[in-house]
There are 2 protein chains.
Amino acid sequence: MNTRFAVATHILTFLQSQEGSPASSELIASSVNTNPTLIRRLLSQLAKAGLTTAQMGSGGGALLARPGTSITLLDVHRAIDEGHVIFPLHQQPNPQCPVGRNINKVLHGRIAAVEQAMERELARTTIADLATDISAINSAA
Amino acid sequence: MNTRFAVATHILTFLQSQEGSPASSELIASSVNTNPTLIRRLLSQLAKAGLTTAQMGSGGGALLARPGTSITLLDVHRAIDEGHVIFPLHQQPNPQCPVGRNINKVLHGRIAAVEQAMERELARTTIADLATDISAINSAA
DNA sequence: ATCGTCTGTTACAGGAATGGTTACATATGA
DNA sequence: TCATATGTAACCATTCCTGTAACAGACGAT
């Protein structure tokens with residue numbers, strides 16, 4: 001089970017709720033309930049994608065690189081699952097067979113439409129949305 | 001890389017193009033370019049989902065259990081990736097943390113919308129559509 | 001009735017991905 | 001200078017996927 005997308009989203013939502021003060025990988029790890037190295041690995045990918053920055057040294061930690069209102073779940077998906085295809089095609093079907101020769105060509109178009117629908121929906125939610133939902137739950141309780 | 005969805009779709013499209021004559025796992029395997037056991041494993045799942053049937057014994061093989069016009073890619077996805085969540089949540093975030101306590105509740109709703117969008121799109125393509133596209137390419141060539 | 005064919009299923013091995021752990025060089029604030 | 005924290009690498013256990021081999025059971029052909 002690959003939970004990196006969920007954990008990365010958790011990290012970003014956590015940073016959003018910190019309102020600008022840096023969070024150490026150990027603090028984040030305690031919220032996610034995992035170990036700091038895994039958090040740093042994901043933060044490294046998020047930083048490469050331009051979603052977070054890091055402040056090294058004492059009192060340092062991770063920060064959002066831009067407002068949570070401008071970071072969507074699609075951004076997270078692209079940063080974390082880069083190159084991870086949801087519905088991969090199989091390699092080298094038999095070119096001698098009328099079906100095998102063309103199946104990938106035909107399937108590719110249909111799958112592309114599916115992934116586009118998925119991405120459109122991912123793009124509709126921002127990190128700020130999630131943080132807002134959470135704080136609404138917490139202030140209601 | 002998990003290509004089971006693509007291979008299962010290939011199998012069903014192959015059966016559709018057979019127009020009712022049974023296909024052995026070995027014949028299908030040669031079209032997919034893999035081994036018969038993998039084909040039989042997938043056929044077993046497709047049969048459990050009611051998409052194919054099997055005719056045992058000499059001259060036997062796999063058959064579509066219902067018209068290809070009524071089998072969608074969503075049916076294939078459900079038969080093959082049953083229980084395989086696209087965006088799984090992470091287990092047991094810290095309940096002491098305001099974010100950790102609620103992140104999964106909030107994320108779940110957003111992810112459900114994404115998967116529904118994906119499923120709607122998968123449901124729009126049938127096995128018969130794929131077979132039609134392929135025969136169009138072959139007769140054009 | 002026997003034989004060959006084909007399915008359905010199991011077992012096992014190799015390879016890849018995931019996640020947990022440890023370690024360490026580097027950067028930075030105090 | 002020192003404690004803190006990042007960034008990254010190495011290693012291990014676990015799990016999933018795929019290929020391979022094996023075998024009992026079903027069924028058509030002869």
Side-chain angles (χ1 to χ4, degrees), chain A residues 1-8 10-11 15 18 21-30 32-49 51-65 79-93, chain B residues 1-8 10-11 15 18 21-30 32-49 51-65 79-93:
Chain A
M1 204 81 93
N2 178 350
T3 61
R4 287 182 302 169
F5 172 81
V7 173
H10 185 148
I11 292 172
L15 295 181
Q18 290 288 105
S21 73
S24 72
S25 61
E26 189 167 348
L27 177 61
I28 302 173
S30 90
V32 174
N33 199 19
T34 182
N35 59 83
T37 298
L38 175 60
I39 299 297
R40 289 206 290 267
R41 276 202 282 242
L42 289 171
L43 276 171
S44 172
Q45 288 187 259
L46 294 172
K48 271 173 193 146
L51 305 184
T52 63
T53 57
Q55 190 174 325
M56 297 192 85
S58 180
L63 294 163
L64 291 184
I80 296 299
D81 299 327
E82 171 74 41
H84 171 304
V85 188
I86 305 288
F87 293 110
L89 301 176
H90 53 305
Q91 299 304 89
Q92 309 172 337
Chain B
M1 203 81 92
N2 178 351
T3 60
R4 286 184 303 168
F5 172 81
V7 174
H10 184 149
I11 292 173
L15 295 181
Q18 290 289 104
S21 73
S24 72
S25 62
E26 189 167 348
L27 177 61
I28 301 173
S30 89
V32 174
N33 199 19
T34 181
N35 60 83
T37 298
L38 177 60
I39 300 297
R40 290 206 290 266
R41 277 202 281 243
L42 290 171
L43 276 171
S44 172
Q45 288 187 260
L46 294 172
K48 270 173 194 146
L51 305 184
T52 62
T53 57
Q55 190 174 322
M56 298 190 85
S58 179
L63 294 163
L64 290 185
I80 296 300
D81 298 329
E82 171 72 42
H84 171 304
V85 189
I86 305 288
F87 293 110
L89 302 176
H90 52 306
Q91 299 304 88
Q92 311 172 335

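Keep in mind it's a predicted model, so treat the numbers as computed, not measured. Reminder, nothing fancy here: chain letters follow the sequence lines and each chain counts from 1.
Under the side-chain contact (heavy atoms from CB on, under 4.5 Å) criterion, A:Gln45 pairs with A:Arg4, A:Leu42, A:Ile80, not counting sequence neighbours. Residues passing the side-chain contact (heavy atoms from CB on, under 4.5 Å) test with B:Ala79 are B:Leu46, B:Ala49, B:Leu51, sequence neighbours excluded. By the side-chain hydrogen bond (donor to acceptor under 3.5 Å, both in side chains) test, B:Ser30 is found to be paired with no residue, residues two or more places apart in sequence or in another chain being considered. Among residues two or more places apart in sequence or in another chain, the side-chain contact (heavy atoms from CB on, under 4.5 Å) test is passed with A:Gln91 by none. Judged as a ring pair (Phe, Tyr, Trp, His ring centres under 6.0 Å), and not counting sequence neighbours, the contacts of A:Phe87 are B:Phe5, B:His77.
No contact: B:Ala29 has no heavy atom under 4.0 Å from any strand.
The interatomic distance linking A:Phe5 (CZ) with C:dA17 (C1') rounds to 19 Å, in whole Å. Atom pair A:Ile11:CD1 and C:dG19:P shows a separation of 12 Å (rounding to whole Å applied). Nucleotide D:dT6 holds its P atom 14 Å from the CG atom of A:Leu46, rounded to whole Å. In this structure, the CD1 atom of B:Ile39 is 14 Å from the C1' atom of D:dT20, given to the nearest Å. We find that CG of B:Asn33 is positioned 11 Å from P of D:dT20, with the value rounded to whole Å. Regarding A:His84, its NE2 atom lies at a distance of 11 Å from the C1' atom of C:dT18, rounded to whole Å. Atom CD1 of B:Ile28 is separated from atom C1' of C:dT7 by 11 Å (rounded to the nearest Å). Taking atom CZ of A:Arg4 as the reference point, atom P of D:dT15 lies 18 Å away to the nearest angstrom.
A distance-only check finds no donor-acceptor pair linking the side chain of A:Asp81 to the backbone of A:His84 [under 3.5 Å]. A donor-acceptor pair is defined here as one N or O able to donate and one able to accept, closer than 3.5 Å; no such pair exists between the side chain of A:Thr3 and the backbone of A:Ala6.
Closest to the A:Asn2 side chain, of the nucleotides D:dT18, D:dT6, C:dT18, is C:dT18.
Mapped onto DNA chain D by nearest heavy atom, B:Pro36 and A:Ser44 fall at different nucleotides, with A:Ser44 at the one closer to the 5' end.
Between A:Ser25 and D:dA5 there is no side-chain N or O to OP1 or OP2 distance below 4.0 Å.
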Nucleotides 21-30 of chain C: protein proximity per nucleotide (B base, S sugar-phosphate only, - neither; heavy atom, under 4.0 Å):
BBB--BBBS-

